[in-house]
2 protein chains.
Amino acid sequence: MIKEIPFVLNVESQVDFSKFELQFKALADQKRLQIMYELTQKGSVCVCDLVDIVNMPQSKLSYHLKILLDANLITKETKGTWSYYELNHEEVNRLLSPELCCIFRKSENQSSGCCP
Amino acid sequence: MIKEIPFVLNVESQVDFSKFELQFKALADQKRLQIMYELTQKGSVCVCDLVDIVNMPQSKLSYHLKILLDANLITKETKGTWSYYELNHEEVNRLLSPELCCIFRKSENQSSGCCP
DNA sequence: TCTTTAAATCAAAATAAATTGATTTAATCC
DNA sequence: GGATTAAATCAATTTATTTTGATTTAAAGA
């Protein structure tokens with residue numbers, strides 16, 4: 001019979017925070033928070049429109065979208081020459097408090113169990 | 001007669017994300033996440049002990065504690081020469097999802113309405 | 001008072017992230 | 001095919017953050 005090894009020593013220093021670091025880094029910028037906010041308000045938006053909405057040069061926007069995409073906080077769908085970005089509500093809800101989720105959620109849409 | 005400029009354009013860009021930026025910046029670092037995790041496990045810890053727990057030079061730890069403190073994610077109490085730091089559970093819960101809060105919460109203590 | 005210890009601060013160096021403007025890739029339309 | 005448009009990428013610069021080791025501040029004890 002095998003004795004269980006106590007699940008105690010230094011388990012804490014094993015905890016892997018790298019995914020959280022990546023996601024919080026993506027959130028740690030007002031420009032990117034605004035992009036997320038706009039995607040919440042407008043739903044699915046193509047880069048060519050987003051450029052005007054957030055008033056940002058295209059290459060700069062592209063850079064910030066990539067950071068959000070790599071963090072899995074937004075999703076991308078390409079249709080021909082256009083790329084449409086959307087908020088990844090599941091991931092945002094997984095990460096942020098209901099209170100905070102509401103900032104990234106239209107008040108009309110209460111369906112996804114985030115807002116109180 | 002002066003024509004009014006329509007108050008339409010860019011109302012959304014008025015939303016102030018600066019406090020969130022500060023807090024997410026504080027969270028956007030594995031070392032600081034580990035510090036928060038240790039404070040969750042150990043409750044109130046003085047810097048002199050934390051140095052060994054997170055295995056970090058004192059000045060470096062002091063730097064990271066300040067960032068967490070400025071973001072209101074931890075609190076500090078000085079007793080004589082010692083400084084004791086604690087997690088600010090209210091603020092952490094306000095910001096992070098119940099799921100994530102659990103990472104910064106001892107499983108014994110279910111009192112604060114965070115874990116499911 | 002002098003010494004010791006804890007913790008914060010400082011300035012310099014190292015590292016990382018953001019911005020810029022130009023270029024590339026690739027899909028669409030004529 | 002050639003021109004046009006959308007979006008990503010690139011390299012160079014700028015800006016911000018982190019690390020380091022030394023110094024400072026200040027409380028406690030002999």
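So you know, we letter chains A, B, ... as the sequences are listed, proteins then strands, and number each from 1.
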Let me know the distance between NZ of A:K60 and C1' of C:dT19, rounded to the nearest Å.
6 Å
Is A:T75 reaching over with its side chain to a backbone N or O of A:N88, donor-acceptor style, under 3.5 angstrom?
no
The single option from B:L95, B:L68, B:I67 that satisfies side-chain contact (heavy atoms from CB on, under 4.5 Å) with B:L27 is B:L95
Distance-only, no hydrogens or angles: does the B:E21 side chain make a donor-acceptor pair with backbone N or O of A:Q30 under 3.5 Å?
yes
Separation of C:dT15 atom P from A:K25 atom NZ, nearest Å, is 15 Å
Under a 4.0 Å N-O cut-off, is there an ion pair linking A:K19 with A:E91?
yes
What's the CG-P distance between A:L65 and C:dA17, to the nearest Å?
18 Å
What is the distance, rounded to the nearest whole Å, between atom OH of A:Y63 and atom P of D:dC10?
14 Å
By nearest-heavy-atom nucleotide on DNA chain C, the more 5' of A:G80 and A:R32 is A:R32
Whole-Å distance separating the CD atom of A:Q30 from the C1' atom of C:dA17
16 Å
At 4.0 Å (heavy atoms only), tell me whether A:I67 reaches a base, stays on the sugar-phosphate, or touches nothing.
sugar-phosphate
Residue A:V47, side-chain heavy atoms: nucleotide from D:dG21, D:dA8, C:dT20 that is nearest
D:dA8
Relative to the 5' end of DNA chain D, which residue comes earlier, B:H64 or B:W82, by the nucleotide with the nearest heavy atom?
B:H64
Is there a side-chain polar atom (N or O) of A:K76 under 4.0 Å from OP1 or OP2 of D:dA8?
yes
Tell me: CE of B:M56 to P of D:dT18, nearest whole Å?
11 Å
Measure the shortest side-chain to side-chain distance between B:I103 and B:Y37 over non-hydrogen atoms and say whether it is less than 4.5 angstrom.
yes
Categorize A:T78 for me: base, sugar-phosphate, or nothing, with a 4.0 angstrom heavy-atom threshold over every strand shown.
nothing
Below the 4.0 Å mark, does C:dA6 have OP1 or OP2 next to a side-chain nitrogen or oxygen of B:T81?
no
Assign A:Y85 to base, sugar-phosphate, or nothing according to its heavy-atom contacts below 4.0 angstrom with the strands shown.
sugar-phosphate
Need one value for A:S83: base, sugar-phosphate or nothing, where a base atom within 4.0 Å counts as base even if backbone is also close, heavy atoms only.
sugar-phosphate
Take atom CG of A:L61 and atom P of C:dT19, then tell me their distance rounded to the nearest Å.
11 Å
For B:K31 and D:dT17, give me the distance from atom NZ to atom P, rounded to whole Å.
14 Å
Looking at B:Q58 and C:dA6, is any side-chain donor or acceptor paired with a base atom of the opposite kind under 3.5 Å?
no
Identify whether any heavy atom of A:K79 sits under 4.0 Å from a base atom; if not, whether one sits that close to sugar-phosphate; answer base, sugar-phosphate or nothing.
nothing
